[in-house]
Participant: 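Okay, handing you the structure first.
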Amino acid sequence: MLSLTKKNTSELHGQEAYDAKFGDLEAIGCWGTWEPCHKEMLGHGIVGVENLGGDLDKVSGKRFRFLCLPIRWYMGDGSMVRCVAEIDEDDVNKDVADRVYTYGGF
């Protein structure tokens, strides 16, 4: 089980803790060392979703099914995904305006 609690105040934190556990940042770019947090989390059955955007306010506080559909990346520890919230139309927060994405200059 992965413990996320602080054991005592004398432990290392931040960059010092990272270097003590994973080594100097010179290792960035070597296979499997650039995102050690992925290995820690996935090794304990925890899936992380980063940089999630979209119409989150429309489902905030509601019960919905969350689907996270990754691309197939052989031996990868992460990938881009398409995330979908499956929710009954009557449960959507209707007072939240639709997000409008403008791509390009037209």
Participant: With sequence neighbours left out, write down each residue that passes side-chain contact (heavy atoms from CB on, under 4.5 Å) with Asp88, or none if nothing qualifies.
Facilitator: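 For Asp88 the side-chain contact (heavy atoms from CB on, under 4.5 Å) partners, ignoring immediate neighbours, are Asp90, Asp91.
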Participant: Who are the side-chain contact (heavy atoms from CB on, under 4.5 Å) partners of Arg63, not counting sequence neighbours?
Facilitator: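 Applying side-chain contact (heavy atoms from CB on, under 4.5 Å) to Arg63 gives none.
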Participant: Quick check for you: to the nearest 0.5 Å, what is the distance between Arg82 atom CZ and Leu69 atom CG?
Facilitator: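 Separation between the atoms: 8.5 Å.
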Participant: Holding to side-chain hydrogen bond (donor to acceptor under 3.5 Å, both in side chains), I want the full list of residues that pass it with Asp98, two or more places apart in sequence or in another chain.
Facilitator: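 Result, side-chain hydrogen bond (donor to acceptor under 3.5 Å, both in side chains) vs Asp98: Lys58.
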Participant: Taking only residues two or more places apart in sequence, or in another chain, which ones meet Glu89 in a side-chain contact (heavy atoms from CB on, under 4.5 Å)?
Facilitator: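 For Glu89 there are no side-chain contact (heavy atoms from CB on, under 4.5 Å) partners, ignoring immediate neighbours.
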Participant: Taking all heavy atoms of Val81 and all of Pro70, pick out the closest pair and write down the distance.
Facilitator: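 Smallest interatomic distance, heavy atoms only, reads CG1-CA, 3.5 Å.
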Participant: Test your reading of the model: is there a side-chain donor-acceptor pair from Arg99 to the backbone of Asp55, 3.5 Å cut-off?
Facilitator: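 No: the side chain of Arg99 does not pair with the backbone of Asp55.
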Participant: What residues join Val92 in its hydrophobic cluster, counting side-chain heavy atom gaps under 4.5 Å, either direct or through other members?
Facilitator: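 Once heavy-atom contacts under 4.5 Å are chained together, Val92 belongs with Val49, Leu52, Leu56, Val59, Phe64, Phe66, Ile87.
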